[in-house]
Structure formats: C-alpha cells, structure tokens
Amino acid sequence: MKNVAVIGAGTMGNGIAHTFAQSGFKVQLIDISDASLKRGMDTISKNLDRMVAKDKITEADKANTLANITTFTNIEEGVEYASLVVEAATENIDLKLKIFKQLDEACPEDTILASNTSSISITQIAAATSRPEMVIGMHFMNPVPIMKLVEIIRGYNTSNEVTSTIMDLSKQLGKVPTEVNDYPGFVANRILMPMLNEAIETLYNGVAGVEEIDTVMKLGMAHPMGPLQLADFIGLDICLSILNVMYDGFKNPKYAPCPLLVNMVMAGKLGVKSGEGFYDYSESRKAEKVSSQFLK
C-alpha cells in the first residue's frame with residue numbers, strides 16, 4: 001500500500017496528507033477548489049518549516065514530503081490508483097454519505113475506504129457503499145503530525161483483515177492505533193465532549209469565569225490546556241456537531257449541548273478559526289485574552 005488519497009485539505013485533511021507523505025507514501029490530496037488545496041499545501045509547508053527549525057527533519061525531508069503530494073479537484077482522478085482513501089471532509093452526515101457513495105463507484109474494488117469522522121457512525125457510512133466490509137474509521141487527533149493516537153473504529157461489517165491492515169498501517173506512520181467499536185462519539189469524544197460541555201455549562205451558570213475554569217483544570221487536573229481553550233481550538237461548531245450526534249444517538253440529556261454553545265455557534269463565534277470564542281484571537285492565536293462578552 002503506497003498510494004493514499006485524502007479527501008479534504010482542511011485542518012485534518014492536510015495534517016493526514018502531511019503525515020502519510022512524510023512516511024514515504026504517495027498522497028493524492030483532493031478538495032473541491034484549487035484555493036482550498038493551495039491553503040492546505042501552504043499549511044503543510046509551514047508545518048514542515050517548523051519541524052526543520054526544531055531539527056526534527058532536514059530540508060531534504062521537507063522537499064521529499066512535499067514531492068510525495070499531488071493535488072486534485074476531481075475525486076475520480078484522485079482515487080484512480082488509491083489503495084486507501086481517507087475522507088476528512090466536514091463533519092456532516094449527508095456530505096459524508098454522498099462522498100462515500102461516490103468513492104464506492106470510483107475506487108478499485110480492493111480499495112479500503114476510511115473516514116476521519118470524530119463521531120458519525122461508520123456502519124451508517126458503510127451502508128452507502130457496496131463494500132461495507134472495506135469501510136473503517138481512522139480518527140486522527142489534531143494536530144495530526146504530532147498527536148500519536150489514531151482511533152480505529154470498526155463498523156458492524158468491517159472485516160478482520162481490513163482492521164488488521166489499518167492497525168498495521170497506523171503503526172507505520174509512527175502512531176498508536178487503538179481499536180474501538182462503533183457507537184456515537186466512539187471513546188475520545190464520548191468522554192471529552194461532555195467534559196467540554198460541562199465547562200461551558202459552568203460558565204453559563206456563573207460559577208466561575210473563563211480563565212478561572214481553565215486554570216482549575218490546568219493546575220488542578222494537570223490538563224495541558226483548559227476545556228474552554230480546547231473547545232476554541234477544536235472549533236465550537238465541531239463541538240456542537242459532535243454533541244448533537246451523541247444526543248441523537250443515545251437520547252440521553254447528559255449529551256444535550258449547552259444553550260451558550262448553541263448561541264455562540266449561531267453568532268459565528270467558533271473559536272480560533274473565526275478569531276473569537278471564549279477567548280479573543282484577533283491579536284494572537286494563543287488564548288491570552290478573554291473574549292469581551294465574558295469580561296466582568
């Protein structure tokens with residue numbers, strides 16, 4: 001397996017493409033527009049520059065990594081020779097089902113189809129194809145080139161052979177694959193998202209301020225970043241989407257998103273990517289300045 005197609009050049013997609021390419025795979029990076037692909041490739045190049053500056057890789061390593069990536073705006077062309085496709089499009093079930101139906105028709109019969117979804121059912125995604133035994137979840141963590149974990153999610157029909165292949169492949173990338181079963185939120189987000197939502201509820205109920213909540217969790221629980229900062233980093237829209245998937249899947253009120261989170265997403269306050277969430281990122285991408293709406 002040397003040809004890997006990645007669908008989506010956004011934060012997760014370009015990170016996945018970077019990781020495969022740096023490990024010597026030929027990567028076909030696919031997105032709907034040249035502009036999106038250029039942004040993705042620029043991000044990969046900048047991230048490689050940081051690694052060069054820290055003496056983690058050489059300039060030759062950077063050049064080889066970039067040379068391993070070819071960009072496409074046409075799915076059929078991009079997946080023509082792929083042994084594996086990793087879908088990393090927006091966390092939207094209708095979009096993912098459409099993409100997997102298209103991949104099923106365009107890819108060779110022996111191509112493994114993987115989704116980087118962080119919460120949506122792999123079984124449901126696989127049902128959109130004629131090869132459910134070849135469909136699996138590969139949930140990478142952000143930032144992909146740095147984070148070691150890959151959640152490997154078996155759908156109801158995913159074969160043992162495909163699971164074993166993807167577990168071994170993940171190890172080739174220097175990752176630590178962890179197999180989980182297909183339930184809403186899997187393991188990572190089933191545990192993480194209720195914690196983030198509870199932090200937002202704590203702010204919403206006036207128990208403490210933004211900095212105070214994050215400080216308690218960083219210093220008291222040894223978390224590398226506070227839950228509100230982490231929610232901003234992930235994207236509040238993504239957090240809301242995952243919580244909605246879990247709430248719909250379990251019908252348990254403990255997964256119901258906090259009204260404050262819902263309102264912030266509707267207002268376009270999505271965190272780092274929009275420039276404001278619980279913190280103000282207009283001057284720095286670091287969580288150094290609390291958003292004005294939460295100042296006492």
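Since this is a predicted model, take the numbers as computed values, not measurements.
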Exercise. Drop me the distance from Met51's CE to Ile146's CD1, to the nearest 0.5 angstrom.
Key: 7.5 Å

Practice problem: Please confirm whether the backbone N or O of Ser282 pairs with a side-chain atom of Asp280, one donor and one acceptor, at under 3.5 Å? | Solution: yes

Self-check item: Shared hydrophobic cluster for Val135 and Val150 (ILVMFWY, side-chain gaps under 4.5 Å)
Solution: no

Quiz item: So, Asn189 side chain and Ser119 main chain: donor-acceptor pair closer than 3.5 Å or not?
Solution: no

Practice problem: State yes or no: do Ile153 and Met134 share one hydrophobic cluster built from I, L, V, M, F, W and Y residues joined by side-chain heavy-atom distances below 4.5 Å, directly or via other members? | Solution: no

Practice problem: State whether Asp237 and Lys273 are salt-bridged, where the test is any N-O pair (Lys NZ or Arg NE/NH1/NH2 against Asp/Glu carboxylate O) under 4.0 Å. | Solution: yes

Quiz item: Looking only at side chains, do Ser23 and Gln172 share a donor and an acceptor under 3.5 Å apart?
Solution: no

Practice problem: May I ask you to check whether Glu87 and Ser115 show a side-chain donor-acceptor distance below 3.5 Å? | Solution: yes

Quiz prompt | Joint hydrophobic cluster, Leu228 plus Val290, side-chain heavy atoms closer than 4.5 Å | solution = yes

Self-check item: Verify same cluster id: Ile125, Val85 (apolar side-chain graph, 4.5 Å)
Solution: yes

Practice problem: Could you tell me whether the side chains of Tyr279 and Asp214 share a donor-acceptor contact shorter than 3.5 Å? | Solution: yes

Quiz item: Does Tyr156 OH have over 12 foreign heavy atoms under 6.0 Å away?
Solution: no

Self-check item: Positive for side chain to side chain contact (heavy atoms under 4.5 Å, CB included) with Phe20, one of Asn68, Leu169, Thr65
Solution: Leu169

Quiz item: Would you say the side-chain atoms of Thr58 and Asp61 include a donor-acceptor pair closer than 3.5 Å?
Solution: yes

Quiz item: Should Leu261 and Leu203 be counted in the same cluster of Ile, Leu, Val, Met, Phe, Trp and Tyr side chains packed under 4.5 Å apart?
Solution: yes

Exercise. Please say whether more than 12 non-hydrogen atoms of neighbouring residues, nucleotides or ligands are located less than 6.0 Å from CZ in Phe72.
Key: yes

Exercise. Would you check if the side chain of Thr158 reaches a backbone N or O of Arg154 as a donor-acceptor pair within less than 3.5 Å?
Key: no

Quiz prompt | Pairing of Lys98 and Asp94 as salt bridge, 4.0 angstrom limit | solution = no

Self-check item: Atom of Ile166, atom of Ile112 and distance for their closest heavy-atom approach
Solution: CD1-CG2, 4.1 Å

